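Remember, it's a predicted structure, so these values are computed and weren't measured experimentally.
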Amino acid sequence: MRHPKSDSQSRGLIKEMSPWLLHGSLWIGLVTAFLISIDVGNIKISFLEMLFQPAHSDASVVFWDIRLPRALLGLLVGATLGLSGAAMQGFLRNPLAEPGVLGVTGGAALGAVLVFYTGIFSVFSMALPLGGIFGAFLSVLFLYLLAGSMSSVQTLILAGVSMNVIAFSGTSLALNLSKDPYAVLDIVFWQMGSLADRSFHHVFLILPFILIGWVLLLWDRRALDALSLGEEAAASLGINLKKMQLRMIIGTAFCVGAAVSVCGSIGFVGLVVPHLLRPLVANQPGKLLVVSALGGAILLLLSDIAVRLIPVAVELKLGVLTSLVGAPFFMILILQMRRKLL
């Protein structure tokens with residue numbers, strides 16, 4: 001157990017850090033990671049070089065059709081995972097919460113897998129992200145039917161666990177019944193998560209859903225600070241918890257569902273980033289939202305750069321790398337929480 005004096009001293013040190021310095025550092029890191037992302041590859045192409053390249057040159061095609069969409073998706077998806085992770089941890093008041101805790105990630109994955117299974121993907125490529133978004137909203141619908149509109153936080157968590165089990169069972173059933181081995185491989189590789197082979201069509205398709213989700217999650221940033229004092233205290237301050245709950249769930253469905261539908265399941269970003277940055281905002285959930293969005297974008301861009309630089313015969317999937325990094329962090333977090341309870 002920590003001494004009260006040490007807690008107050010640490011909080012004082014955190015308060016001395018300027019928000020401008022924190023946000024400025026994260027923005028510089030984001031711009032740097034973005035520029036490196038569009039520069040890394042077998043062909044060396046810098047942003048400045050593109051200003052002097054012919055419109056239909058090979059370098060121009062690589063830059064505009066491959067590098068730039070991949071970097072933009074890394075930014076959007078990383079920011080979504082970081083923001084939604086911080087929002088879920090603040091809303092559920094659970095340090096182990098992450099975007100998939102309400103079953104939205106599993107529902108989006110199941111929707112995309114069914115597109116693979118039915119073969120629609122081979123006819124209409126945009127059916128994949130549309131199927132994922134549709135699956136995310138179906139999961140929210142079932143969540144409300146299962147938990148009820150007046151449900152508590154604990155009931156929502158249990159309903160989310162049920163939704164994840166249902167989504168996993170549906171995905172396993174599709175894999176088991178599929179007669180096409182190539183479709184099975186497509187499903188398995190897609191589930192690993194990746195930003196490769198995506199285009200501006202994917203960026204423009206998910207952008208409206210992601211922006212709507214961001215607005216809904218950021219809407220309650222001040223309410224999250226009040227909720228950290230407890231539900232009764234938040235209600236006494238005029239916070240409508242039911243409306244807040246609805247905005248949080250629908251916002252997560254919009255942005256996380258859209259992200260998963262295009263890039264597959266990329267785990268641990270929404271768990272790791274808020275924990276790393278929370279001390280820098282004096283443990284205030286509202287201030288953590290934007291900070292985690294910037295941190296999530298940086299982490300995912302750096303991870304995507306790493307999968308392109310690791311010397312392997314087949315490019316490592318992004319979700320595999322984030323899991324390899326995030327799993328030890330998750331175990332360390334559990335051990336720290338266990339020590340605090342002793």
Side-chain angles (χ1 to χ4, degrees), residues 72-92 97-115 126-147 149 151 156 159-160 163-164 167 193 195 198 200-221 223-224 240 242-267 269-271 273-274 285-286 288-290 292-294 296-297 300:
L72 287 173
L73 277 176
L75 190 156
L76 291 173
V77 174
T80 291
L81 295 176
L83 172 62
S84 57
M88 286 297 101
Q89 290 179 16
F91 172 61
L92 300 176
E98 50 91 29
V101 72
L102 297 180
V104 175
T105 301
L110 177 59
V113 165
L114 291 178
V115 170
M126 287 296 105
L128 178 60
L130 290 174
I133 293 169
F134 182 70
F137 279 98
L138 275 184
S139 69
V140 171
L141 176 61
F142 283 120
L143 182 74
Y144 262 86
L145 291 176
L146 185 61
S149 60
S151 56
L156 278 175
M163 287 305 308
N164 280 321
L195 298 176
R198 306 305 193 266
F200 271 113
H201 293 294
H202 296 94
V203 175
F204 293 139
L205 178 65
I206 68 172
L207 184 59
F209 297 97
I210 283 182
L211 293 178
I212 292 172
W214 288 0
V215 170
L216 290 173
L217 292 178
L218 291 170
W219 188 280
D220 292 301
R221 59 188 182 278
L224 286 176
N240 190 320
K242 298 307 173 184
K243 289 184 178 180
M244 177 184 178
Q245 179 186 102
L246 184 62
R247 284 191 293 267
M248 284 286 173
I249 294 175
I250 294 179
T252 302
F254 266 108
C255 59
V256 175
V260 172
S261 67
V262 168
C263 300
S265 300
I266 301 175
V269 175
L271 174 68
V273 172
L288 184 62
L289 296 181
V290 175
S292 292
L294 295 172
L300 202 65

*Does the side chain of V203 come within less than 4.5 Å of I206's, by heavy atoms?*
no

_Side-chain touch V260/V104, heavy atoms, less than 4.5 angstrom_ = no

*Apply side chain to side chain contact (heavy atoms under 4.5 Å, CB included) to the pair L76 and H202, showing each step before the final yes or no.*
CA-CA 11 Å; L76 291 173; H202 296 94; over 6 Å; no

*4.5 Å side-chain heavy-atom contact, L217 and L289*: no

*May I ask you to test the L83-C255 pair for a side-chain heavy-atom distance under 4.5 Å?*
no

*Near F142 CZ, under 6.0 Å, is it more than 12 heavy atoms from other residues, nucleotides or ligands?*
no

_Close side-chain approach of F254 and F137, heavy atoms under 4.5 Å_ = yes

*Side chain of Q89, backbone of A97: donor and acceptor closer than 3.5 Å?*
yes

*Could you point out which residue of I266, L81, V256 forms a side-chain contact (heavy atoms from CB on, under 4.5 Å) with T105?*
V256

_Min side-chain heavy-atom separation F200-L72 under 4.5 Å_ = yes

*Evaluate the side-chain proximity of M244 to W219: yes if any heavy-atom separation is below 4.5 Å, no if none is.*
no

*Side chains of L110 and M163: closer than 4.5 Å at any heavy-atom pair?*
no

